[in-house]
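Here is how names work: the chains are called A, B, and so on, in the same order as the sequence lines, proteins then strands, and each is numbered from 1.
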Amino acid sequence: MLAASAPEAASALLGWTLLVDGVGGVIVEAEAYAQDDPASHSYGGRTPRNASMFGPPARLYVYRSYGVHWCANVVCGPVGVGSAVLLRALEPTHGLARMRQRRGVAAERLLCAGPGRLAQALGLTGAHDGARLDRPPFRLVPPARPVDPVATPRVGITRASERPWRYVVRGSGWTSRGRPPA
DNA sequence: GTATTGATCTTCT
DNA sequence: GAAGATCAATACA
């Protein structure tokens, strides 16, 4: 699954449950970044920061955004390709109390609705950069039922934002921006 | 309700 | 020196 292209991997990840040390939820929003993508960190070369993006798939790429937030990606594609899927939103299902504690917010809706929020709620930091997702404390649980992915324009970027590589689960109320698509 | 700005790290110009 | 895959607090209508 993660050996596929970034857009395919992004849509395939929807509905999976991601747990970090027993805390997490269902992936309801993900965004694809490919190597030839001007918006991707891997575009135009490898740097110390994005090195894990070029590593083996099924690992984490965690980077700092705007010097403040951490954002978590799932690396996909073969080694050296540099494509990844940005996790933008989860539906919180496990360890709500711990996520609330980390986030410092009461509103359940805002626990994981957004890349920075998601990483903070799961306790992901640069320390997890390059970590494997198929070993503890991580757990990836397949969807109980097939989900209904919807491709939408990407959000929060200025280049190639018209590529419909942002995938959300149809009807989910846990996505990061705007109202859920009909 | 929408609009603007601060926080502050990595990379690129 | 400036911009960026962001969020939250503040200012205004």
Side-chain angles (χ1 to χ4, degrees), chain A residues 2 5-14 18 25 27-55 57 59-77 81-92 98-131 133 149-169 172-181:
Chain A
L2 291 176
S5 70
E8 287 174 9
S11 62
L13 272 171
L14 293 185
L18 172 67
I27 301 172
V28 294
E29 183 176 353
E31 211 164 279
Y33 288 91
Q35 184 180 30
D36 65 346
D37 181 353
S40 170
H41 285 175
S42 58
Y43 183 75
R46 172 177 181 154
T47 65
R49 178 179 60 157
N50 64 23
S52 49
M53 223 176 154
F54 291 84
R59 300 205 179 204
L60 276 182
Y61 163 49
V62 185
Y63 72 97
R64 202 189 305 274
S65 174
Y66 290 86
V68 185
H69 305 286
W70 294 102
C71 296
N73 300 247
V74 176
V75 177
C76 63
V81 168
S83 58
V85 175
L86 171 69
L87 302 177
R88 292 191 56 90
L90 298 184
E91 173 183 343
R98 286 183 64 187
M99 287 194 270
R100 252 194 285 266
Q101 189 175 29
R102 286 175 182 144
R103 295 271 301 109
V105 297
E108 200 171 297
R109 237 237 103 212
L110 299 177
L111 276 183
C112 301
R117 293 165 175 164
L118 183 156
Q120 188 186 12
L122 297 193
L124 296 173
T125 70
H128 298 89
D129 189 36
L133 283 172
V150 187
T152 73
R154 294 193 286 188
V155 174
I157 56 177
T158 56
R159 315 171 69 126
S161 58
E162 74 288 350
R163 291 197 195 190
W165 284 1
R166 173 184 179 235
Y167 295 89
V168 301
V169 174
S172 172
W174 302 98
T175 49
S176 64
R177 179 109 159 225
R179 295 145 311 286

Separation between the [atom1] atoms of [N] and [M], rounded to whole Å:
N	M	atom1	value
B:dT8	C:dT10	P	15 Å
C:dA5	B:dT13	P	14 Å
C:dA2	B:dT5	P	16 Å

Is the closest side-chain heavy-atom distance between [X] and [Y] below 4.5 Å?
X	Y	answer
A:W174	A:E108	yes
A:D37	A:R154	yes
A:V105	A:L111	yes
A:W70	A:R64	yes
A:L87	A:V74	yes
A:L118	A:R88	no

**Any residue meeting side-chain contact (heavy atoms from CB on, under 4.5 Å) with A:P153, in chain and number order, not counting sequence neighbours** =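 So A:P153 forms no side-chain contact (heavy atoms from CB on, under 4.5 Å) with any residue.
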**Set of residues satisfying side-chain contact (heavy atoms from CB on, under 4.5 Å) with respect to A:R49, sequence neighbours excluded** =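 side-chain contact (heavy atoms from CB on, under 4.5 Å) list for A:R49, sorted by chain: A:H41, A:T47, A:Y61, A:Y63.
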**Asked** Tell me, what's DNA chain B's dot-bracket, Watson-Crick or G-U with both distances under 3.5 Å, | for other-strand, [ ] crossing?
**Response** |||||||.||||.
**Asked** Under 4.0 angstrom, heavy atoms only, what part of the nucleic acid is A:R117 near: base, sugar-phosphate, or nothing?
**Response**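 Answer is sugar-phosphate: A:R117 comes under 4.0 Å of backbone atoms only.
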**Leading and trailing nucleotides of DNA chain C with any atom under 4.0 Å from heavy atoms of chain A** =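 For DNA chain C, the relevant span reads C:dG4 to C:dA8.
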**Message:** For residues 5-14 of chain A, which residue pairs pass the side chain to side chain donor-acceptor pair (under 3.5 Å) check, not counting sequence neighbours?
**Reply:**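 Qualifying pairs: none.
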**Message:** Using whole Å, what does the distance between atom P of nucleotide B:dT8 and atom NE2 of A:H69 come to?
**Reply:**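 Checked: the NE2 to P distance equals 11 Å.
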**Message:** Could you measure the distance from the CD atom of A:E31 to the CG atom of A:N73? Nearest 0.5 Å is fine.
**Reply:**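 Taking CD in A:E31 and CG in A:N73, the distance rounds to 9.5 Å.
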**Message:** If the test is side-chain hydrogen bond (donor to acceptor under 3.5 Å, both in side chains), which one of A:H69, A:R103, A:R102 qualifies with A:Q120?
**Reply:**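 Result: among A:H69, A:R103, A:R102, A:R103 is the only option passing the side-chain hydrogen bond (donor to acceptor under 3.5 Å, both in side chains) with A:Q120.
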Enumerate the protein-to-nucleotides 9-13 of chain B contacts in which both atoms are nitrogen or oxygen and the separation is below 3.5 Å.
unit_1, atom_1, unit_2, atom_2, d
B:dT11, OP1, A:T47, OG1, 3.2
B:dT11, OP1, A:R49, N, 2.9

